[in-house]
Amino acid sequence: MKIGFIGLGIMGKPMARNLLKAGYEVVCYDIVAENVANTVAVGAKAAASCKAVAEQCPIVITMLPNSPHVKEAVLGPGGVLEGAKAGTILIDMSSIAPLASQEIAKACGAKGVKVIDAPVSGGEPKAIDGTLSIMVGGDENVFNSVKDILLRMGASAVHCGPIGAGNTTKLANQIVVACNIAACAEAFMLAKKAGVEPARVLDAIKGGLAGSTVMNAKVPMMLQGNFKPGFKIDLHIKDLANALDTGHGVGAPLPLTAAVMEMMQTLKADGCGQNDHSALAKYYAKVSGTNFS
Ligand code: NAD
């Protein structure tokens, strides 16, 4: 079966590769020619545009940065919708605003193109391993018809509700991660300032109630002063902006998210937007006048 893949960046490239490994024929496109060449080198076929991908494939996957990129690639000139036939399935795996997913699905639905939103969690290592967590919104029958494909890229694929529910779930995930990283930075800076070795604090508490995947992955980075991404502050700002917009739209105040957003904005203004989000430690280093490392 031919699968179209649009957006071959940090995440899209290994995800497309896993589809190739599973024996699917992949037709790919990215606005950056080098990214297309990298995926062609491992067995994919190149297409000249998003439209050309959709003309050739009954299933098209998009893995793009944010809502405007997905709207442009799907609804814009030379986009997926121009090339897609009725019955085509579009799986948008980008992390975008739930409202944008709904708008895109509505425009596609008018041409008989079915859309599900299927953002992921797990980052580049799990994209490479094919063990992403995939959260899906949209028609459950459409989800079931492509579940096998999703499970070539992920260890789990959970149907969360109607279109946009995948991205709402992803925003919930991003709030928990952001607030957890900030709480870790705050707590470990307290230990440091109070004269208790942060590495010992980590050893002492990681197995208890405060322990988390975030703590295990991000606190060692903070203590080493290693902020190589990983997941960039700039991308997390994008997700928190979508969370705040969505929260305000549905009447769900997000005071913790807003506070962490301003910490991230401070870091971005300080030139750290391309750092890993564990660089929230740098914010606490600045306000407390003490480094971790
Ligand atoms: P990326 O910037 O590395 O890749 C995006 C790709 O899309 C780039 O290659 C870019 O050239 C291409 N692109 C942009 N506009 C396009 C268009 N109109 N047509 C075709 N190609 C276009 O981003 P990424 O890290 O791969 O992230 C993709 C999505 O996955 C984002 O929504 C991100 O939030 C989400 N995500 C990322 C991670 C991570 O750890 N990087 C983890 C989970 C989810």
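Computed from a predicted model, the values in this text were never measured in an experiment. One is the number of the first residue; the rest follow in order along the sequence. Each ligand, and each atom within it, is numbered from 1 in the order the structure gives.
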Subject >> side chain to side chain contact (heavy atoms under 4.5 Å, CB included) involving D139 - partner list, sequence neighbours excluded >> reply: N141, V142
**OP:** Check each heavy atom of N66 against ligand 1 and say whether those closer than 4.0 Å belong to the side chain, the backbone, both or neither.
**Re:** neither
**OP:** Measure the distances from the heavy atoms of K238 to every atom of ligand 1 and state whether one is below 4.0 angstrom.
**Re:** yes
**OP:** Looking only at distances, please establish whether an N/O atom of ligand 1 is found under 3.5 Å from an N/O atom of M11.
**Re:** yes
Subject >> For atom 30 (O) of ligand 1, the protein heavy atom that lies nearest, with its residue and separation >> reply: M63 CE, 3.1 Å
Original post:
What do you reckon, does Y29 have a nitrogen or oxygen under 3.5 Å from a nitrogen or oxygen of ligand 1?
Top reply: no
**OP:** For K126, look at atom NZ and say whether over 12 heavy atoms of other residues, nucleotides or ligands are found less than 6.0 Å away.
**Re:** no
Original post:
Which residue pairs pass the ring pair (Phe, Tyr, Trp, His ring centres under 6.0 Å) test when at least one of the two sits in residues 194-233, sequence neighbours left out?
Top reply: F231-H236, F231-H277
Original post:
Does a side-chain N-to-carboxylate-O contact under 4.0 Å join D234 and K268?
Top reply: yes
Original post:
Looking at ligand 1, does any of its N/O atoms fall within less than 3.5 Å of an N/O of M93?
Top reply: no
Subject >> Contact with ligand 1 for S121, non-hydrogen, under 4.0 angstrom >> reply: no
Original post:
Is there side-chain contact between H69 and E72, with at least one heavy-atom pair below 4.5 Å?
Top reply: no
**OP:** Drop me the distance from D276's CG to K282's NZ, to the nearest 0.5 angstrom.
**Re:** 10.5 Å
Subject >> For G123, the ligand 1 atoms whose distance to one of its heavy atoms is below 4.0 Å >> reply: 40 (O), 42 (C)
Subject >> K71/E103 ion pair, N-O < 4.0 Å >> reply: yes
Subject >> Distance, nearest 0.5 Å, that separates CD of Q174 from CG of D239 >> reply: 4.5 Å
Subject >> Chi angles and distances behind the side chain to side chain contact (heavy atoms under 4.5 Å, CB included) call for E262, Y283 >> reply: CA-CA 10 Å; E262 292 310 309; Y283 175 86; over 6 Å; no
Original post:
Which of the numbered atoms in ligand 1 are below 4.0 angstrom from a heavy atom of V32?
Top reply: 11 (O)
**OP:** Return a yes/no value: protein heavy atom under 4.0 Å from atom 34 (O) of ligand 1?
**Re:** yes
Original post:
Which ligand 1 atoms are under 4.0 Å away from a heavy-atom of G9?
Top reply: 3 (O), 4 (O), 6 (C), 9 (O), 26 (O)
Original post:
What is the closest protein heavy atom to atom 23 (O) of ligand 1, and at what distance does it sit?
Top reply: I10 N, 4.6 Å
Subject >> Test side-chain hydrogen bond (donor to acceptor under 3.5 Å, both in side chains) applied to K286 and D270, T266, N291, the passing residue >> reply: D270
**OP:** May I ask you to identify the nearest protein heavy atom to atom 2 (O) of ligand 1, giving residue, atom name and distance to one decimal place in Å?
**Re:** P65 CG, 4.2 Å
Subject >> N/O separation below 3.5 Å, L64 to ligand 1 >> reply: yes
Original post:
Do any nitrogen or oxygen atoms of G122 come within less than 3.5 Å of a nitrogen or oxygen of ligand 1?
Top reply: no
Original post:
Closer than 4.0 angstrom: is that true for some heavy atom of K170 and an atom of ligand 1?
Top reply: yes
Original post:
Do you know which of V60, L90, D30 makes side-chain contact (heavy atoms from CB on, under 4.5 Å) with I6?
Top reply: V60
**OP:** Check ligand 1 against I6 and write out every atom of the ligand that is under 4.0 Å from a heavy-atom position of the residue.
**Re:** 20 (C)
Original post:
Do L150 and I91 come within less than 4.5 Å of each other through their side chains, counting heavy atoms only?
Top reply: yes
Original post:
Can an N or O of D30 be found at a distance shorter than 3.5 Å from an N or O of ligand 1?
Top reply: yes
**OP:** Could you say whether the N/O atoms of D239 and ligand 1 ever approach to under 3.5 Å?
**Re:** no
Subject >> Shortest reach to atom 19 (N) of ligand 1 by a heavy atom, considering only L235, D92, V74, I31 >> reply: I31
